[in-house]
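Since the structure comes first, as structure tokens, the remarks are kept for the end.
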Amino acid sequence: MDHGLPQSLDSTILRQFITQEGNRMADDSKSKPPVALTNAVSWRAEGIKHKKNEIFLDVVEKLNLLVAANGTVLHCEINGAVKMKSFLSGMPELKLGLNDKVMFEATGRTQQARGGKSVELEDIKFHQCVRLARFENDRTISFIPPDGEFDLMTYRLDTHVKPLIWVEAVVEPHKGSRIEYMIKTRSQFKSRSVANNVEISIPVPPDVDSPSFKSSVGNVTYLPDKDCVVWTIKQFHGGREYLMRAHFGLPSITRDEADAKGAGSGMDMSWKKPIGVKFEIPYFTVSGIQVRYLKIIERSGYQALPWVRYITTNGDYQLRMA
């Protein structure tokens, strides 16, 4: 602290001073900054020891997608993050290799870059531990990791991707009596992958009642407070197609018609918001990014276990209804 203003926002340093109990600083320590701030590596303390040396790396990608009613992809964006959880002793040096297109071209591997096995990353942001000069020079991600959990890097890709989970909705309104839905969903990824906890939210008019559902898989729930039906599929294997039918009763006079005092000539379609989809696909990335290697070098020469995992989830994933 300098005149009451924090000079570091590193959570590991702040945790030493912000506690559940009162913390009175000794007179001699008031004028001294924390040791970590004066180190060359301010984000990692010295003398860290773990009984088991291991590091976990998660590549997490979120897919933002907007599809028009005619099936045209209007917007597609991938937001990715490389998340790490480090339990390494001492002061280890790590080197991470990805199938980065620019790196392949810089090292003369143009055939590998053209062969579709490389990814062109955009808007890359690194944690402060990464040596930026080295990355700019030869695209090597070299760093001394903080202890515990942190985001090593984030990136973005503007690329055309086929919708991973496709949803078609056929709506048949029968004025003054009922409305029927036929929902067809199809997984458009490889059969060896599985999407977990899939939720498809289909909007319905606000005045419906007497819901009844019939689905080939999963559970269907009507949420009147959100004016939608949620179709939940616990495990959605790649290359599969499922059907769901929904039937609702309608009041003889709709709320909109009552407000307009009978002036409305047809059924109001303002409730037709886009269909939303939630999902999580483990061991899969939309962009095709891969960890080629993760090297751990430490002076004491201990053997450490690196664990790598890939996850793709939905971001803002919407399909407009016809």
Side-chain angles (χ1 to χ4, degrees), residues 62-75 162-189 194-281 313-322:
K62 290 187 176 181
L63 178 60
N64 297 330
L65 190 79
L66 179 62
V67 181
N70 61 2
T72 307
V73 176
L74 301 175
H75 173 70
K162 186 167 64 173
L164 297 177
I165 294 178
W166 181 259
V167 184
E168 291 178 34
V170 177
V171 185
E172 293 183 16
H174 303 274
K175 186 171 169 58
S177 58
R178 68 189 191 281
I179 186 168
E180 294 178 3
Y181 284 75
M182 190 189 78
I183 309 296
K184 183 166 73 174
T185 182
R186 183 171 68 251
S187 55
Q188 301 190 130
F189 46 87
V194 180
N196 295 327
N197 304 317
V198 177
E199 288 186 9
I200 302 170
S201 299
I202 305 111
V204 298
D207 297 326
V208 297
D209 55 29
S210 310
S212 63
F213 309 108
K214 188 178 181 181
S215 62
S216 56
V217 71
N219 300 313
V220 188
T221 310
Y222 170 50
L223 302 177
D225 55 328
K226 295 182 179 178
D227 293 328
C228 74
V229 168
V230 178
W231 184 10
T232 306
I233 304 170
K234 198 169 184 180
Q235 288 194 319
F236 201 153
H237 290 262
R240 299 286 180 88
E241 187 174 294
Y242 299 116
L243 282 172
M244 187 270 285
R245 291 181 181 273
H247 182 281
F248 294 93
L250 285 172
S252 55
I253 299 177
T254 65
R255 188 173 65 190
D256 298 303
E257 287 174 337
D259 291 342
K261 296 181 180 178
S265 58
M267 188 176 179
D268 179 37
M269 292 296 173
S270 62
W271 54 269
K272 278 197 173 183
K273 299 172 186 174
I275 295 170
V277 184
K278 294 181 181 179
F279 58 86
E280 183 178 289
I281 308 175
T313 66
N314 65 285
D316 188 12
Y317 193 107
Q318 296 183 336
L319 302 98
R320 290 178 179 170
M321 295 176 68

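Hydrogens, waters and symmetry mates play no part in the numbers below; they use all other heavy atoms, side chains included.
- The heavy-atom pair separating Pro205 from Val208 by the smallest distance is O-CG2, 3.5 Å.
- Contacts of Lys226 classified as side chain to side chain contact (heavy atoms under 4.5 Å, CB included), with partners at least two apart in sequence or in another chain: Leu223, Cys228.
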Begin with the C-alpha distance, continue with both residues' side-chain angles, and end with the deciding distance and a verdict on side-chain contact (heavy atoms from CB on, under 4.5 Å) for Leu319 and Val277.
CA-CA 8 Å; Leu319 302 98; Val277 184; 3.7 Å; yes
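- Inter-residue side-chain proximity for Val204 and Val229 is flagged as met; some heavy-atom pair is nearer than 4.5 Å.
- Distance check, rounded to the nearest 0.5 Å: CE of Met182 to NZ of Lys214 gives 13.0 Å.
- When all heavy atoms of Pro211 and Tyr222 are compared, the pair lying nearest together is CG-CD2, 3.9 Å.
- Listed for the Ser187 side chain is a donor-acceptor partner under 3.5 Å among the backbone atoms of Gly239.
- Looking only at side-chain heavy atoms (C-beta outward), His75 and Asp316 stay at 4.5 Å or farther from each other.
- For Glu180, the side-chain hydrogen bond (donor to acceptor under 3.5 Å, both in side chains) test picks out Arg178, with sequence neighbours left out.
- Across all their heavy atoms, Asn64 and Gly315 have their closest contact at OD1-CA, 3.2 Å.
- Listed by chain and residue number, Val194, Gln235, Pro282 satisfy the side chain to side chain contact (heavy atoms under 4.5 Å, CB included) test with Asn196 (two or more places apart in sequence, or in another chain).
- When the salt bridge (charged side-chain N to carboxylate O under 4.0 Å, His left out) test is applied to Glu280, no partner is found at least two apart in sequence or on another chain.
- The side-chain hydrogen bond (donor to acceptor under 3.5 Å, both in side chains) test applied to Asn70 returns Thr72, not counting sequence neighbours.
- In this view, Ser210 satisfies the side-chain hydrogen bond (donor to acceptor under 3.5 Å, both in side chains) rule with no residue, not counting sequence neighbours.
- Closest approach of Pro203 to Pro274, counting heavy atoms only: CD-O, 4.1 Å.
- Distance check, rounded to the nearest 0.5 Å: OH of Tyr317 to CD of Glu199 gives 14.5 Å.
- The OG1 atom of Thr185 sits 9.5 Å away from the CD1 atom of Ile183 when rounded to the nearest 0.5 Å.
- If you take CZ on Arg320 and CD on Gln318, they are separated by 8.5 Å, rounding to the nearest 0.5 Å.
- Between atom CG of residue Leu65 and atom CD1 of residue Ile165 there is a gap of 11.0 Å, rounded to the nearest 0.5 Å.
- Nearest heavy atom pair, residue Tyr242 against residue Arg240, reads OH-NH1, 3.6 Å.
- A distance-only check finds no donor-acceptor pair linking the side chain of Trp231 to the backbone of Leu243 [under 3.5 Å].
- Between Asp227 and Trp271 the shortest side-chain heavy-atom distance does not fall below 4.5 Å.
- Asn197 is listed as a side-chain neighbour of Lys234, based on a closest heavy-atom distance under 4.5 Å.
- Sorted by first and then second residue, the ring-ring contact (aromatic ring centres under 6.0 Å, His included) pairs with a member in residues 197-216 read Phe213-Phe248; sequence neighbours excluded.
- Interatomic distance, CG of Asp207 versus CD1 of Ile179, reported as 10.5 Å (0.5 Å rounding).
- With sequence neighbours excluded, no residue forms a ring pair (Phe, Tyr, Trp, His ring centres under 6.0 Å) with Phe189.
- Listed by chain and residue number, Trp166 satisfy the side-chain hydrogen bond (donor to acceptor under 3.5 Å, both in side chains) test with Glu168 (two or more places apart in sequence, or in another chain).
- Qualifying side chain to side chain contact (heavy atoms under 4.5 Å, CB included) partners for Lys162, counting only residues two or more places apart in sequence or in other chains: Gln188.
- Shown here for Arg186 and Phe236, the closest heavy-atom pair between the two residues is C-CZ, 4.1 Å.
- Residues forming a side chain to side chain contact (heavy atoms under 4.5 Å, CB included) with Asn219 (at least two apart in sequence, or on another chain): none.
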